[in-house]
Amino acid sequence: MKTGSLHSVFSFYFRSMTTPNVRVRFAPSPTGGLHLGGVRTVLFNYLFAKKNNGTFVLRVEDTDQGRYVEGAEDYIFDCLDWCGLTPDESVRKEGPYAPYRQSERKVIYHDYAEQLLKSGHAYYAFDTPEELEQMREQFKTAENPSPQYDHRTRGLMRNSLTLPEEETKQLLAAGTPYVVRIKMPENETVHFTDMIRGDIAHDTNVVDDKVLIKGDGMPTYHLAVVVDDYLMKITHAFRGEEWLPSAPVHIMLWKNLGWEKDMPKWAHLPLILKPDGNGKLSKRDGDRLGFPVFAMDWTDPRTGEKTTGFREHGFLPEAFVNMLALLGWNPGTEQEIFSLEELGQVFSMERVHKGGAKFDYEKAKWFNQQHIQRADNERLATLAAPFFEKEGIVTDPATLVKVVGLIKERCHLLADFVPQGRFFFEAPQSLDLDSIKGKWSDEKTSFFRTWSAQLDTVEWSHDALEASFSALATETGIKKGELMLPLRIMLVGGKFGPGVFDIIAMIGKEATQQRIATALAAL
RNA sequence: GCCGCGUUGGUCAAGGGGUUAAGACGCCUCCCUUUCACGGAGGAAUCACGGGUUCGAUUCCCGUACGUGGUACCA
């Protein structure tokens with residue numbers, strides 16, 4: 001009995017030491033299309049969870065009612081599903097920490113704001129936007145172009161720190177609009193360890209008293225992220241590098257709320273930069289340079305503006321994800337092509353780069369090409385079919401599977417299957433006759449007439465077709481090499497595509513004879 | 001301005017006191033292919049700068065420059 005209880009103590013200890021229940025989260029705000037950088041943040045969260053047998057949570061950060069966009073939340077879920085990065089817990093699959101939408105957790109935040117108010121780590125501020133504006137104007141100097149609401153200025157503003165207690169109570173009772181601000185301490189250095197960057201230090205004197213509860217009663221990101229990460233038992237918090245400057249606010253909150261020992265481990269991911277020049281990659285850059293930035297097509301319901309996505313550009317989700325994984329992270333080996341599953345086995349936050357990475361669309365297409373070569377033809381045909389449809393080309397599934405097999409090595413995008421494969425389904429609209437006109441002769445014309453007629457009796461297979469072609473060439477004394485390019489151009493229209501006899505075997509006698517006749521007439 | 005974070009070929013990047021400083025994309029040349037592509041073989045191209053420390057710095061330290069992010073009742 002003694003050993004039994006000892007054992008259970010040990011096993012509990014052991015379990016909690018070696019297999020902490022890893023929980024990570026992605027917390028997007030539903031304000032529009034899902035950016036490539038956002039998907040990569042999801043991916044790193046997801047991979048870290050997979051690697052550590054953890055749980056991936058999706059929490060909707062919809063505390064800014066002014067920026068809420070209809071449909072954006074569904075869109076985000078669709079993108080994640082397409083990528084195969086479906087969360088374990090979310091508004092669609094609730095776990096033990098519901099609700100997963102911050103607007104529905106509003107009351108929760110007030111309790112904690114109250115706690116901070118009571119302990120003196122936060123205060124009420126009644127300043128109107130105009131007063132804030134005025135303060136910034138007043139203290140603006142060449143050296144300090146953007147004065148903050150901080151330890152230097154809070155004593156000059158209308159808040160519960162400067163007002164008599166009675167007056168604060170009266171204002172509150174009268175329903176005067178207010179915000180709750182954190183009271184940043186003076187002369188302290190806030191340290192934390194970032195999994196990617198190591199020790200990070202901030203001087204509290206240069207951090208402002210961030211708003212915690214807004215005038216409309218909603219929490220800001222700063223309060224909400226801390227409260228929710230705590231309540232949802234998040235063990236590792238990964239987010240973009242743009243959050244680094246506000247990290248000390250979050251650390252202070254964890255401390256002031258008395259939760260420091262439960263604070264997640266942080267990792268601030270490097271940014272994805274635009275290919276030319278510098279700066280964060282934006283949707284605009286994609287439009288300008290001709291490549292997608294969002295995961296999938298997105299139409300802004302308010303402006304009607306449509307932005308195309310990687311999916312609609314003809315990317316395979318596994319290629320998209322593979323490309324993203326290698327942007328800012330590498331396995332330390334020479335392997336570059338990974339499945340999502342493989343990534344989940346080898347990923348580690350320590351191998352994430354510190355510096356931002358410029359996005360290279362050419363390399364992205366290479367990843368896609370690599371995955372197309374590895375993909376199953378049936379699946380490729382299914383995925384490519386819509387691209388043919390869009391061009392008004394009628395295909396049948398069985399043929400398309402075969403066609404896809406013949407042309408896939410020429411395709412970087414699913415969209416490439418159309419120009420590479422349309423001649424299998426319809427006669428070429430134009431023929432590159434200029435390439436053969438120069439060396440054309442009546443002998444060649446009669447060769448093709450004869451061969452076209454022979455087609456009626458020849459066995460319809462690649463080898464038999466080629467044999468009859470070669471035999472007639474020998475018989476007429478024309479070099480086969482002189483005839484191959486013309487034949488190709490008659491059939492496909494240009495100097496590209498798989499082997500000619502493969503094409504003929506595929507399109508059949510009627511089409512072959514017809515295309516030869518059409519070309520002969522034009523020569 | 002201030003604060004934070006960065007900086008290895010054009011791009012993604014490995015490496016981390018002594019190396020011919022990997023590999024990939026792209027580019028160029030050649031081979032293969034009676035087309036195009038795929039594939040293969042080569043090639044050009046890199047440690048931001050200045051000081052230290054050291055027998056020896058691309059690597060460690062300090063500066064500088066440059067870039068980038070933040071400096072909101074946005075996330």
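By convention in this document, chain letters (A, B, ...) are assigned in the order of the sequence lines, proteins followed by strands, and residues within each chain are numbered from 1. All heavy atoms count here, side chains included; hydrogens, waters and symmetry mates do not.
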Short N-O contact, [X] and [Y], less than 4.0 angstrom:
X        : Y        : answer
A:Arg67  : A:Asp64  : yes
A:Lys210 : A:Asp208 : yes
A:Glu133 : A:Arg136 : no
A:Glu336 : A:Lys363 : yes

Send over the distance from [X] [atom1] to [N] [atom2], rounded to a whole Å.
X        : N     : atom1 : atom2 : result
A:Asp209 : B:A72 : CG    : P     : 12 Å
A:Arg136 : B:G1  : CZ    : P     : 20 Å
A:His151 : B:C3  : NE2   : C1'   : 12 Å
A:Asp62  : B:C74 : CG    : P     : 14 Å
A:Arg239 : B:G69 : CZ    : C1'   : 13 Å
A:Lys210 : B:C74 : NZ    : C1'   : 11 Å
A:Ile182 : B:A72 : CD1   : P     : 16 Å
A:Leu212 : B:A75 : CG    : P     : 12 Å

Donor-acceptor side-chain pairing of [X] and [Y] below 3.5 angstrom:
X        : Y        : answer
A:Asp228 : A:Tyr100 : no
A:Ser282 : A:Asp285 : yes
A:Arg351 : A:Asn330 : yes

What integer number of Å spans the [atom1] atoms of [N] and [M]?
N     : M     : atom1 : result
B:U68 : B:C25 : P     : 29 Å
B:G6  : B:A13 : C1'   : 16 Å
B:A41 : B:C32 : C1'   : 11 Å
B:G63 : B:G23 : C1'   : 34 Å
B:G39 : B:G67 : P     : 39 Å
B:U34 : B:G26 : P     : 24 Å
B:A48 : B:G9  : P     : 7 Å
B:A22 : B:U8  : C1'   : 12 Å

- request: Can you check each nucleotide of nucleotides 30-42 of chain B against protein heavy atoms at under 4.0 Å and return B for base, S for sugar-phosphate only, - for none, in 5' to 3' order?
  value: ----BBBBSS---

- prompt: So which nucleotide from B:G70, B:G23, B:U71 ends up closest to the side chain of A:Pro245?
  reply: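 My answer, after comparing the listed nucleotides, is B:G70.
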
query: For the side chain of A:Glu242, counting heavy atoms from C-beta on, which of B:A72, B:G70, B:C3 is nearest?
result: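 Within the option list, the nearest is B:G70.
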
- request: Would you confirm whether A:Ser29, through its side chain, and A:Thr31, through its main-chain N or O, come within 3.5 Å as a donor-acceptor pair?
  value: no

Base, sugar-phosphate alone, or nothing: which one does [X] contact when heavy atoms must sit under 4.0 Å apart?
X        : answer
A:Leu271 : sugar-phosphate
A:Glu143 : base
A:Ser29  : sugar-phosphate
A:Asp127 : base
A:Lys408 : nothing

query: Where each residue is assigned the nucleotide of RNA chain B containing its nearest heavy atom, which of A:Gln102 and A:Glu334 is assigned the position nearer the 5′ end?
result: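 It is A:Glu334 whose nearest nucleotide is closer to the 5' end.
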
Determine whether the aromatic ring centres of residues [Y] and [X] are separated by less than 6.0 angstrom.
X        : Y        : value
A:Phe294 : A:His313 : no
A:Phe387 : A:Phe417 : no
A:Phe469 : A:Phe447 : yes

message: Can you confirm whether more than 12 heavy atoms, excluding those of A:Lys354, are under 6.0 Å from its NZ atom?
response: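 Check fails, neighbour count at 12 or below.
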
- prompt: So does A:Arg288 have more than 12 non-hydrogen atoms from other groups sitting under 6.0 Å from CZ?
  reply: yes

message: Please determine whether a side-chain nitrogen or oxygen atom of A:Thr63 lies at a distance below 4.0 Å from atom OP1 or OP2 of B:A75.
response: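 Yes, such a contact exists.
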
statement: Per-residue pairing states of RNA chain B in dot-bracket (Watson-Crick or G-U under 3.5 Å; . unpaired, | other strand) read (((((((..(((.....[....))).(((((.......)))))....(((((..]....))))))))))))....

I'd like a table of atom pairs between the protein and nucleotides 5-16 of chain B - only N or O on both sides, under 3.5 Å - with the distance next to each one.
residue : atom : partner  : partner atom : Å
B:C5    : O2'  : A:Arg197 : NH1          : 2.5
B:C5    : O2'  : A:Glu241 : OE2          : 3.3
B:C12   : OP1  : A:Lys358 : N            : 2.8
B:C12   : O2'  : A:Leu326 : O            : 3.2
B:A13   : OP1  : A:Gly328 : N            : 2.7
B:A13   : O3'  : A:Asn330 : ND2          : 3.0
B:A13   : O3'  : A:His353 : NE2          : 3.4
B:A14   : OP1  : A:Asn330 : ND2          : 2.5
B:A14   : OP1  : A:His353 : NE2          : 3.4
B:A14   : OP2  : A:His353 : NE2          : 2.5
B:A14   : O3'  : A:Arg351 : NH2          : 3.2
B:G15   : OP1  : A:Arg351 : NH1          : 3.3
B:G15   : OP1  : A:Arg351 : NH2          : 3.3

message: Going by side-chain contact (heavy atoms from CB on, under 4.5 Å), A:Leu58 matches just one of A:Leu80, A:Asn45, A:Val91. Which one?
response: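 Exactly one pass, corresponding to A:Leu80.
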
